[in-house]
Amino acid sequence: MTTSISINGLGRIGRTILRQISTKGIDTNFRITRINDIAGLEMIAYLLRFDSIFGPFPGNIETTEDTIIINGQKIPFSTSATLNIDLSDTDILLDCTGKAHTPEFAQLGLKAGSKKVLISGPSPAAEVTIVFDVNEHELSDSKIISNASCTTNAVAPLLKSLDDKWGIESAHITTIHCYTGSQPMIDAPRVDMARSRAGALSMVPTTTSAMPLIKRVLPHLAERISCAALRVPTASVSAIDLVAQVCNLPKDNLETHIQALADASTVMGWTQYQNVSCDMRAHSESIVLALRETQRVGDRQLRILGWYDNEWGFSARMLDVAELMNKK
């Protein structure tokens with residue numbers, strides 16, 4: 001089944017989604033019906049052609065007055081801040097603006113004619129928050145859905161797998177996250193003092209939205225999990241460092257069991273190499289478990305390190321959830 005989508009907001013996630021769809025060619029299950037961004041057509045075309053993280057666009061991009069042409073496909077382009085456009089041919093609007101925090105904003109897509117809206121981040125306006133391979137059974141026929149956060153998509157499938165296998169008694173998660181557009185390039189006021197410091201020059205202890213989102217998608221673990229974040233001066237790819245107390249660990253090679261957990265998942269991968277973060281760029285898995293980094297203490301404590309491309313992997317899950325939404 002082909003899913004017709006429109007994209008509102010061509011920031012990092014919106015452009016990554018567009019790149020993923022456009023580079024799949026005839027294999028894609030998506031048809032793009034419209035793109036909307038207040039930045040303007042020529043700027044968006046430029047940022048698609050040349051990407052500092054993923055490199056030059058592997059295809060052809062042209063423009064007309066109100067159309068962007070990607071590999072020969074003509075896609076209407078608009079610059080409406082209020083979605084005052086016709087979306088009646090859209091199954092799912094992917095709202096990638098980062099602004100869909102109120103019901104009024106989140107419902108703009110529905111009012112424009114889209115059948116459903118999928119928000120690329122946490123949102124109190126969403127009817128339900130979905131993490132693929134964790135709680136997609138809760139999707140039902142909801143009209144406004146949140147795709148949670150990149151970190152939640154990375155860690156929640158791992159937590160669920162560990163809890164199903166060995167029973168989590170308690171766990172602490174540290175997300176080691178690359179800097180993002182929410183941080184300044186030079187010291188400048190932000191919502192908290194540490195985040196006001198230049199993102200590319202320091203490691204910045206901060207909070208993560210993953211904690212409340214884990215409580216939402218895995219409520220039975222809510223009182224057993226704690227989270228912290230450390231923003232680091234790299235431009236892409238992040239990591240999860242998880243230390244968990246479980247009911248009982250197997251006596252034999254723990255790496256083999258962690259690999260089996262990943263193999264049983266549709267969104268987790270694994271690597272046996274001594275990788276560094278840039279090796280994981282443009283990996284579509286929600287998390288790639290670094291088997292060599294697995295450690296144990298006694299029969300109940302384990303440590304797991306997992307890589308995730310916080311843009312590419314998250315965008316891939318947006319498309320997975322969009323497909324599911326269109327089937328409901």
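Using modelled atom types, one finds a donor on one side chain and an acceptor on the other under 3.5 Å when comparing Asp86 with Ser88. Of the N and O atoms on the side chains of Ser182 and Thr180, at least one donor lies less than 3.5 Å from an acceptor on the other residue. No donor-acceptor contact under 3.5 angstrom links the side chains of Asn84 and Ser80, judged on distance only. In this model, a donor atom of one side chain and an acceptor atom of the other lie less than 3.5 Å apart for Thr90 and Ser6. Between the side chains of His172 and Ser226, at least one donor N or O lies within less than 3.5 Å of an accepting N or O. Side-chain atoms of Arg216 and Thr129 include a donor-acceptor pair closer than 3.5 Å. When only modelled atom types and interatomic distance are considered, Ser170 and Arg224 share no side-chain donor-acceptor pair under 3.5 Å. Inspection of the Glu311 and Ser236 side chains reveals no N or O donor paired with an N or O acceptor under 3.5 Å. Using modelled atom types, one finds no donor on one side chain facing an acceptor on the other under 3.5 Å when comparing Thr294 with Arg303.
Ile145 has its side chain out of reach of Val117: every pair of non-hydrogen atoms, C-beta onward, lies at least 4.5 Å apart. Glu293 is not listed as a side-chain neighbour of Ile304, based on a closest heavy-atom distance of 4.5 Å or more.
Residue Phe132 comes nearest to Pro157 through the heavy atom pair O-CG, 4.1 Å, listed as atom of the first residue, atom of the second, then distance. Of all heavy-atom pairs spanning Ala222 and Lys215, the tightest one is CB-CG, 3.6 Å. Between Ala156 and Val217, the shortest heavy-atom contact is CB-CG2, 4.2 Å.
With sequence neighbours excluded, the residues that form a side chain to side chain donor-acceptor pair (under 3.5 Å) with Glu62 are Asn60. For Asn326, the side-chain contact (heavy atoms from CB on, under 4.5 Å) partners two or more places apart in sequence, or in a different chain, are Met1, Thr3, Asp91. Remark: Trp312 pairs with Phe54 by the ring-ring contact (aromatic ring centres under 6.0 Å, His included) rule, at least two apart or across chains.
Put simply, the side chain of Asp95 gets close to the backbone of Thr97: a donor and an acceptor are under 3.5 Å apart. Without hydrogens or angle criteria, Arg317 side chain to Ser284 main chain gives a donor-acceptor distance under 3.5 Å. Using modelled atom types, no side-chain atom of Thr67 and backbone atom of Pro76 make a donor-acceptor pair closer than 3.5 Å. A distance-only check finds no donor-acceptor pair linking the side chain of Glu223 to the backbone of Leu221 [under 3.5 Å]. Judged by distance alone, the side chain of Ser142 and the main-chain N or O of Ile144 form no donor-acceptor pair under 3.5 Å. Using a distance-only test at 3.5 Å, with no hydrogens or angles considered, a donor-acceptor pair links the side chain of Asn153 to the main chain of Asn147.
A continuous path of hydrophobic side-chain contacts links Ile214 to Tyr308 [ILVMFWY only; heavy atoms under 4.5 Å].
In this structure, Arg197 pairs ionically with Asp187, as a charged nitrogen and a carboxylate oxygen lie closer than 4.0 Å. Using a 4.0 Å cut-off between a side-chain N of Lys or Arg and a carboxylate O of Asp or Glu, Asp141 and Lys115 do not qualify as a salt bridge. The existence of a salt bridge linking Arg300 and Glu169 is confirmed by a sub-4.0 Å separation between a basic side-chain nitrogen and an acidic carboxylate oxygen.
Ile13 CD1 to Leu94 CG: the interatomic distance, rounded to the nearest 0.5 Å, is 11.0 Å.
Just one of Asp299, Asp163, Leu302 meets the side-chain contact (heavy atoms from CB on, under 4.5 Å) condition when paired with Val246; it is Leu302.
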Exercise for review: Test salt bridge (charged side-chain N to carboxylate O under 4.0 Å, His left out) on Asp37 and Arg15 and set out the steps.
Suggested key: CA-CA 11 Å; Asp37 193 284; Arg15 294 200 302 275; over 6 Å; no
